[in-house]
*Asks:* 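Structure incoming, see below.
Just so it is clear, the values below take in all heavy atoms, side chains as well, and ignore hydrogens, waters and symmetry mates. Since the model is a prediction, treat every value here as computed from it, not as a measurement.
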Amino acid sequence: MEFGIDAIVLLMAVAFVAGIIDAIAGGGGLLTIPALMAAGVPPVQAIATNKLQSSFGTASAVVAFARKGRIDFKRFARPAMGAFVGSALGAWTLQRIDPAFLAGLIPVLLILMVIYFTVAPKASEEDRHSRFGTGALVGIITAIGFYDGFFGPGAGSFLTTALVALFGMGLVSATAHTKFLNLSSNVAALITLVIGGHVLWMIGLLMAVSSVAGGQVGAHLALRVGGKVIRPLLVVMALALTVKLLADPANPLTQLVMGQSR
């Protein structure tokens with residue numbers, strides 16, 4: 001596909017903002033995927049190209065957090081592998097099963113996440129005692145990784161929520177490790193989509209440059225302001241994603257609600 005200079009500049013600007021949001025709370029795809037589709041990119045190619053640029057942005061955030069010593073790579077090596085395997089299986093399954101039924105479930109999960117962060121006591125900036133062991137951590141992360149490869153929206157928010165609510169991590173620490181896990185699942189899905197020939201390399205790499213810069217800015221913001229920004233931004237992005245999903249007339253949950261209201 002051919003893109004004009006104005007379209008390229010706009011997509012790169014959107015990728016920069018999305019990189020900041022992704023590094024702090026996740027959900028940058030809410031901006032980049034619609035922007036790509038508005039530029040005339042077909043849906044599957046838009047998702048694939050977004051995986052390319054977001055993988056670079058997430059990697060940038062991982063580097064920023066790692067430099068500050070906020071990622072325990074040894075402890076999270078197995079969960080990261082679980083995220084990779086789960087995402088690869090999810091992307092493989094996506095080729096064979098219509099994911100439409102998940103579209104009705106995800107708004108419910110996102111709303112539950114919003115309720116949790118709204119009513120739960122303020123999360124500590126320090127790690128606390130985990131309620132579950134390593135086996136449970138790997139299993140839950142693998143399941144979220146499968147979801148990321150199969151469907152995707154909100155995966156970063158779900159990872160952060162799980163690490164805070166179930167495994168006793170502080171918000172900043174959970175955000176840092178979410179980037180590491182999300183990078184693993186992104187790469188697995190990207191490999192699958194590259195094999196399928198869906199990635200638009202030129203625009204994807206240009207957006208990746210902006211996404212990397214945004215990821216650096218977002219990671220530094222998260223480290224400086226901590227939960228003061230992460231918690232409300234998680235809620236805002238979850239609500240935005242819920243509204244976006246429910247605004248789609250094809251969403252099964254929307255159809256169910258509209259059918260009952262008639």
*Asks:* Identify, with sequence neighbours excluded, every residue that meets ring pair (Phe, Tyr, Trp, His ring centres under 6.0 Å) alongside F16.
*Replies:*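 Result, ring pair (Phe, Tyr, Trp, His ring centres under 6.0 Å) vs F16: none returned.
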*Asks:* Which heavy atom of I141 sits nearest to which heavy atom of A83, and what is that distance?
*Replies:*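 Distance-wise, the nearest heavy atoms are CG2-CB, 3.8 Å.
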*Asks:* Name every donor-acceptor pair, under 3.5 Å, that has one atom in a side chain of residues 163-170 and the other anywhere in the protein, sequence neighbours excluded.
*Replies:*
none

*Asks:* P79 and L137: which non-hydrogen atoms are nearest, and at how many Å?
*Replies:*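 Result for this residue pair: CG-CD2, 3.6 Å.
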*Asks:* Which residues satisfy the salt bridge (charged side-chain N to carboxylate O under 4.0 Å, His left out) test with K179, sequence neighbours excluded?
*Replies:*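 Scan of K179 (salt bridge (charged side-chain N to carboxylate O under 4.0 Å, His left out), adjacent residues dropped) gives none.
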*Asks:* When rounded to the nearest 0.5 angstrom, what is the spacing between OG1 in T192 and CG in L89?
*Replies:*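 It is 9.0 Å, given to the nearest 0.5 Å.
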*Asks:* Does V209 sit in a hydrophobic cluster with other residues, and if so which ones, taking ILVMFWY side chains as linked at heavy-atom separations under 4.5 Å, directly or through other members?
*Replies:*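 Via sub-4.5 Å side-chain contacts, V209 links to none.
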*Asks:* Got a sec, which residues hit ring pair (Phe, Tyr, Trp, His ring centres under 6.0 Å) with F180, two or more places apart in sequence or on another chain?
*Replies:*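 For F180, the residues satisfying ring pair (Phe, Tyr, Trp, His ring centres under 6.0 Å) (neighbours in sequence not counted) are F73.
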*Asks:* Can you name the residues that form a ring pair (Phe, Tyr, Trp, His ring centres under 6.0 Å) with F65, not counting sequence neighbours?
*Replies:*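 F65 satisfies ring pair (Phe, Tyr, Trp, His ring centres under 6.0 Å) with no other residue.
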*Asks:* Please output the side-chain donor-acceptor pairs of residues 20-30 that fall under 3.5 Å, not counting sequence neighbours, one pair per line with the distance.
*Replies:*
from: D22; atom 1: OD1; to: G27; atom 2: N; distance (Å): 3.2
from: D22; atom 1: OD1; to: G28; atom 2: N; distance (Å): 2.9

*Asks:* Hey, any chance M202 and I5 share a hydrophobic cluster, counting ILVMFWY side chains that come within less than 4.5 Å of each other, even indirectly?
*Replies:*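 No; I5 is not reachable from M202 via cluster members.
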*Asks:* Start with the C-alpha gap between L36 and M207, add the side-chain angles, then the distance that decides, and say whether side-chain contact (heavy atoms from CB on, under 4.5 Å) holds.
*Replies:* CA-CA 10 Å; L36 283 163; M207 293 177 70; 3.7 Å; yes
*Asks:* Treating Ile, Leu, Val, Met, Phe, Trp and Tyr as nodes and any side-chain heavy-atom pair under 4.5 angstrom as an edge, say whether M12 and F3 lie in one connected cluster.
*Replies:*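 Shared cluster, yes.
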*Asks:* Starting from V236 and following side-chain heavy-atom contacts under 4.5 Å between hydrophobic residues (I, L, V, M, F, W, Y), which residues can be reached?
*Replies:*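 The other cluster members (ILVMFWY side chains, heavy atoms under 4.5 Å, direct or chained): none.
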*Asks:* Treating Ile, Leu, Val, Met, Phe, Trp and Tyr as nodes and any side-chain heavy-atom pair under 4.5 angstrom as an edge, say whether V187 and L181 lie in one connected cluster.
*Replies:*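 Linked, V187 and L181 end up in one cluster.
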*Asks:* Check side chain to side chain donor-acceptor pair (under 3.5 Å) between S185 and all other residues, then give those that pass, not counting sequence neighbours.
*Replies:*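 Listed in chain order: D148, N182.
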*Asks:* Are M81 and L159 in one and the same hydrophobic cluster, where Ile, Leu, Val, Met, Phe, Trp and Tyr link if side-chain heavy atoms are under 4.5 Å apart?
*Replies:*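 Yes, M81 connects to L159 through the hydrophobic network.
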*Asks:* Let me confirm one number: the NE2-CZ distance from H177 to R75, rounded to the nearest 0.5 Å.
*Replies:*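 So the NE2 of H177 and the CZ of R75 are separated by 7.0 Å.
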*Asks:* Looking only at non-hydrogen atoms, find the nearest pair between G82 and T142 and report the distance.
*Replies:*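 Looks like CA-OG1, 3.2 Å.
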*Asks:* Can you tell me how far apart CZ (F150) and OG1 (T93) are? Round to the nearest 0.5 Å.
*Replies:*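 Separation between the atoms: 6.5 Å.
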*Asks:* So, taking the atom named CG in L205 and the one named CG in L200, what distance separates them when rounded to the nearest 0.5 Å?
*Replies:*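 Going from CG on L205 over to CG on L200, the span is 10.5 Å.
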*Asks:* At their closest point, which heavy atom of A39 faces which heavy atom of L11, and how far apart are they?
*Replies:*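 Shortest heavy-atom separation between A39 and L11 comes out as CB-CD1, 4.2 Å.
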*Asks:* What side-chain donor-acceptor pairs closer than 3.5 Å can you find for residues 53-61, not counting sequence neighbours?
*Replies:*
from: Q53; atom 1: OE1; to: S211; atom 2: OG; distance (Å): 3.3
from: Q53; atom 1: NE2; to: N50; atom 2: OD1; distance (Å): 2.8
from: S54; atom 1: OG; to: N50; atom 2: O; distance (Å): 2.8
from: S54; atom 1: OG; to: K51; atom 2: O; distance (Å): 3.3
from: S55; atom 1: OG; to: K51; atom 2: O; distance (Å): 2.6
from: T58; atom 1: OG1; to: S54; atom 2: O; distance (Å): 2.8
from: S60; atom 1: OG; to: V212; atom 2: O; distance (Å): 2.7
from: S60; atom 1: OG; to: Q216; atom 2: NE2; distance (Å): 2.9

*Asks:* Quiz question: by atom type and distance under 3.5 Å, do the side chains of T160 and T178 form a donor-acceptor pair?
*Replies:*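 Short answer, yes.
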*Asks:* Going by side chain to side chain contact (heavy atoms under 4.5 Å, CB included), name the residues that satisfy it together with L239, two or more places apart in sequence or in a different chain.
*Replies:*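 With neighbours one apart ignored, the set is V114, V235.
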*Asks:* Please report the shortest heavy-atom distance between T49 and H198, naming the atom on each side.
*Replies:*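 Closest pair (atom of T49, atom of H198, distance): OG1-O, 4.3 Å.
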*Asks:* Under the side-chain contact (heavy atoms from CB on, under 4.5 Å) criterion, do F84 and N186 qualify, and how do the steps go?
*Replies:* CA-CA 8 Å; F84 186 95; N186 276 348; over 6 Å; no
*Asks:* Can you get from V62 to F76 by hopping between Ile, Leu, Val, Met, Phe, Trp and Tyr side chains that sit under 4.5 Å apart?
*Replies:*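 Linked within one cluster.
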*Asks:* Of the non-hydrogen atoms in A88 and A188, which two are nearest, and what is the gap between them?
*Replies:*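 Heavy atoms of A88 and A188 come nearest at N-CB, 3.9 Å.
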*Asks:* State, yes or no, whether a side-chain contact exists between V199 and Q45 at a heavy-atom distance under 4.5 Å.
*Replies:*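 Counting from C-beta outward, V199 and Q45 never come under 4.5 Å.
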*Asks:* Hydrophobic clusters join Ile, Leu, Val, Met, Phe, Trp and Tyr when side-chain heavy atoms are under 4.5 Å apart, directly or via other members; which others share one with I47?
*Replies:*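 Cluster partners of I47: I33, M37.
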